[in-house]
Amino acid sequence: MKVLVIGSGAREHALCRSLSLDPDVTALHCAPGNAGIAEVAELHQVDALDGAAVTALATRLGAELVVVGPEAPLVAGVADAVREAGIPVFGPSKEAARLEGSKAFAKDVMAAAGVPTARSYVCTTPEEADAALAAFGAPYVVKDDGLAAGKGVVVTDDLEAARAHARACDRVVIEEFLDGPEVSLFAITDGDNVRPLQPAQDFKRALDGDEGPNTGGMGAYSPLPWADPKLVDEVVHTVLQPTVDELRRRGTPFSGLLYAGLAITSRGIRVIEFNARFGDPETQVVLARLRTPLAGLLMAAATGNLADLEPLRWSDDAAVTVVIASHNYPGTPRTGDPITGLDEVAAEHPAGDAPHAYVLHAGTKREGDAVVSAGGRVLSVTATGADLTEARDRAYRAVARIGLDGSQHRTDIAAKAAAEAAAEA
């Protein structure tokens with residue numbers, strides 16, 4: 001199978017890495033890719049938001065499956081253009097991708113489907129926003145209605161900060177604060193059937209102890225030893241399947257990856273948000289544990305044959321991802337700094353051995369023989385182990401080998417869950 005992946009982040013590197021290990025994949029391409037993806041896939045230049053250009057590239061390469069990684073091309077309708085050309089594509093239509101592209105639309109779908117979520121107001125004027133903030137009180141949750149690359153949400157006790165964020169957006173969703181731990185659950189769907197993946201937990205705040213501003217994600221881990229064993233089945237029954245059914249009822253079936261960001265509150269499960277694609281950095285840990293070949297799973301969703309697929313197989317190992325970010329991320333990150341130590345991480349694992357720790361590139365590019373930073377979140381270090389403690393140790397040992405001037409990373413990814421699991425062992 002010839003596969004073309006669209007995107008250039010750590011999520012796409014994780015996808016390409018898994019696809020490169022799939023014996024059914026005979027050729028792997030990525031556009032535009034990055035310095036790390038170039039080691040496992042042939043790179044091509046393309047405007048990822050241009051459906052016609054992506055379709056032309058897929059046709060020229062003879063791609064049998066196109067995987068659209070990021071949200072912006074999906075919301076722009078790139079999957080529609082590829083699908084209309086008769087090429088199987090993993091990714092929802094423009095209309096279905098509104099589930100991520102508009103938080104107000106997502107709230108409407110959830111209301112119609114009876115999906116539990118936070119109470120909210122959609123606001124388009126400062127007066128409406130002020131009234132909503134007063135109605136809910138602190139902590140204030142203010143969400144830009146549109147795409148914001150993981151930085152459109154402000155959760156704060158500071159009323160003026162909440163008001164400022166609301167005024168900076170054309171349209172906002174202001175909602176009640178949800179207590180309890182957060183969980184990310186991905187599901188593969190063909191528009192009818194839903195196949196859940198394993199749950200993960202990510203860390204949105206920039207600094208240890210969940211301090212600092214919201215980011216696109218500073219790390220993740222899976223599995224969740226503290227979670228109810230019935231959690232996945234409950235989320236499929238109350239959230240994922242009803243959402244898929246509602247979108248199909250509306251004539252806009254959702255085919256691809258449906259991501260539910262959840263809060264496990266004192267009143268039960270509540271949806272925080274939906275995404276229309278694999279989430280970063282949770283993808284890194286979930287795919288590290290998936291043993292079912294990825295290409296066949298994505299193709300089954302793209303062609304409407306998910307019901308015929310055998311049950312998914314998973315490793316019992318734990319996985320931890322730690323994100324290394326540029327100086328000043330998530331503000332105005334510094335770029336162009338050389339990255340060292342990548343070869344040292346790779347050298348720990350002799351050829352032919354499955355690595356316990358590896359580096360996935362996000363904001364990188366190659367300049368001559370050097371790899372330099374080219375974005376806010378630069379690298380994801382992913383490691384596996386018999387339990388979370390071992391996976392954490394391996395991940396942070398690899399992080400310590402990597403040099404990037406002024407870089408930052410959290411030191412507490414999965415620390416609490418690992419300690420609790422160890423105490424109960």
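Model, not experiment: these values are computed from the prediction. For the single chain, residues carry numbers from 1 onward in sequence order.
- Here the side chains of Asp192 and Val244 are not in contact, with every heavy-atom distance at 4.5 Å or above.
- Between the side chains of Gln284 and Ser380, a donor-acceptor pair is found at a separation under 3.5 Å.
- The main-chain N or O of Ala276 is found under 3.5 Å from a side-chain atom of Glu100 such that the two form a donor-acceptor pair.
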When you look at Leu294 and Leu15, which way does the side chain to side chain contact (heavy atoms under 4.5 Å, CB included) test go after all the steps? CA-CA 8 Å; Leu294 184 60; Leu15 287 166; 3.9 Å; yes

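- Ser407 places a side-chain N or O within 3.5 Å of a backbone atom of Leu404 that can act as its donor or acceptor partner.
- For Lys365 (side chain) and Val372 (main-chain N/O), no donor-acceptor pair under 3.5 Å exists by modelled atom type.
- With a 4.5 Å cut-off on side-chain heavy atoms, Leu258 and Phe274 count as touching.
- Without hydrogens or angle criteria, Ser255 side chain to Pro92 main chain gives no donor-acceptor distance under 3.5 Å.
- Nearest heavy-atom pair across Leu178 and Val271 is CD1-O, 4.3 Å.
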- prompt: Yes or no on side chain to side chain contact (heavy atoms under 4.5 Å, CB included) for Tyr121 and Glu128, after CA distance, side-chain angles and deciding distance?
  reply: CA-CA 9 Å; Tyr121 295 101; Glu128 289 176 349; over 6 Å; no

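- Between atom CD of residue Gln201 and atom CG of residue Leu185 there is a gap of 13.0 Å, rounded to the nearest 0.5 Å.
- In this structure, Arg410 contributes its side chain and Leu207 its backbone to a donor-acceptor pair below 3.5 Å.
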_Could you go through Asp280 and Arg377, starting from their C-alpha distance and side-chain angles, then the distance that decides it, and tell me whether this counts as side chain to side chain contact (heavy atoms under 4.5 Å, CB included)?_
CA-CA 10 Å; Asp280 180 2; Arg377 289 185 295 169; 3.7 Å; yes

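- Smallest separation of non-hydrogen atoms from Leu342 and Leu379: CD2-CD1, 4.0 Å.
- Once rounded to the nearest 0.5 Å, the distance linking CD1 of Ile269 with CG of Leu262 reads 6.5 Å.
- Not one N or O on the side chain of Arg366 forms a donor-acceptor pair closer than 3.5 Å with the backbone of Ala38.
- Atoms OG and CD, on Ser326 and Gln408 in that order, are 8.0 Å from each other to the nearest 0.5 Å.
- Side chain of Thr292 to main chain of Arg313: a donor-acceptor pair is present (N/O by atom type, distance under 3.5 Å, no hydrogens or angles).
- The line from CD1 of Ile188 to CG of Leu297 is 4.5 Å long, rounded to the nearest 0.5 Å.
- Looking at every heavy atom in both residues, Asp22 comes nearest to Ala295 through OD2-N, 2.9 Å.
- In this structure, the side chain of Glu176 engages the main chain of Arg119 through a donor-acceptor pair within 3.5 Å.
- For the side chain to side chain donor-acceptor pair (under 3.5 Å) criterion with Tyr259, the lone passing option out of Glu71, Arg277, Glu282 is Glu282.
- Taken to the nearest 0.5 Å, the CG atom of Leu247 stands 10.0 Å off from the CZ atom of Arg98.
- For the pair Ile324 and His409, the tightest heavy-atom approach, listed with the atom from each and the gap, is CA-CB, 4.4 Å.
- Using a 4.5 Å heavy-atom threshold, the side chains of Trp314 and Val286 count as touching.
- Distance check: Arg291 CZ to Leu312 CG gives 13.0 Å after rounding to the nearest 0.5 Å.
- Of the possible donor and acceptor atoms, one in the side chain of Asn34 sits under 3.5 Å from a partner among the backbone N and O of Ser8.
- Considering only heavy atoms from C-beta on, Tyr221 stays 4.5 Å or farther from Arg392 through its side chain.
- A 4.5 Å side-chain heavy-atom check between Pro70 and Glu12 finds at least one atom pair inside the cut-off.
- Taking the side chain as every heavy atom from C-beta outward, Arg171 and Ser102 approach each other to under 4.5 Å.
- Counting only N and O atoms by type, the side chains of Thr335 and Ser373 include no donor and acceptor under 3.5 Å apart.
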Start with the C-alpha gap between Val66 and Val68, add the side-chain angles, then the distance that decides, and say whether side chain to side chain contact (heavy atoms under 4.5 Å, CB included) holds. CA-CA 6 Å; Val66 174; Val68 183; 4.3 Å; yes

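- Contact detail for Ala395 and Val320: the closest heavy-atom pair is CB-O, 4.2 Å.
- Tyr358 carries Arg17 over the face of its six-membered ring, with the cationic atom under 6.0 Å from the centre and within 45° of the normal.
- Between the side chain of Asp412 and the main chain of Ala415, no donor-acceptor pair closer than 3.5 Å is present.
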Exercise. Start with the C-alpha distance between Lys107 and Glu175, add both sets of side-chain angles, then the distance that settles salt bridge (Lys or Arg N to Asp or Glu O under 4.0 Å), and finish with yes or no.
Key: CA-CA 11 Å; Lys107 288 289 188 181; Glu175 62 185 38; 3.0 Å; yes

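- Taking each heavy atom of Phe90 and Ala302 in turn, the nearest pair found is N-CB, 4.2 Å.
- Between Asp210 and Lys416, no side-chain nitrogen of the basic residue sits less than 4.0 Å from a carboxylate oxygen of the acidic one, so the salt-bridge criterion is not met.
- Of the N and O atoms on the side chains of Tyr396 and Thr411, not one donor lies less than 3.5 Å from an acceptor on the other residue.
- Taking the six-membered ring where the residue is Trp, Phe278 and Phe186 present perpendicular rings, their angle passing 60° and hence far from 30°.
- Counted within 6.0 Å of CZ on Phe136, heavy atoms from surrounding residues, nucleotides or ligands total more than 12; the atom is thus considered enclosed.
- The closest side-chain heavy-atom distance from Arg205 to Glu211 is not below 4.5 Å.
- Judged purely by distance below 3.5 Å, without hydrogens or angles, the side chains of Ser222 and Arg289 pair a donor atom with an acceptor atom.
- With contacts defined as side-chain heavy-atom distances shorter than 4.5 Å, the pair Arg270/Thr117 does not qualify.
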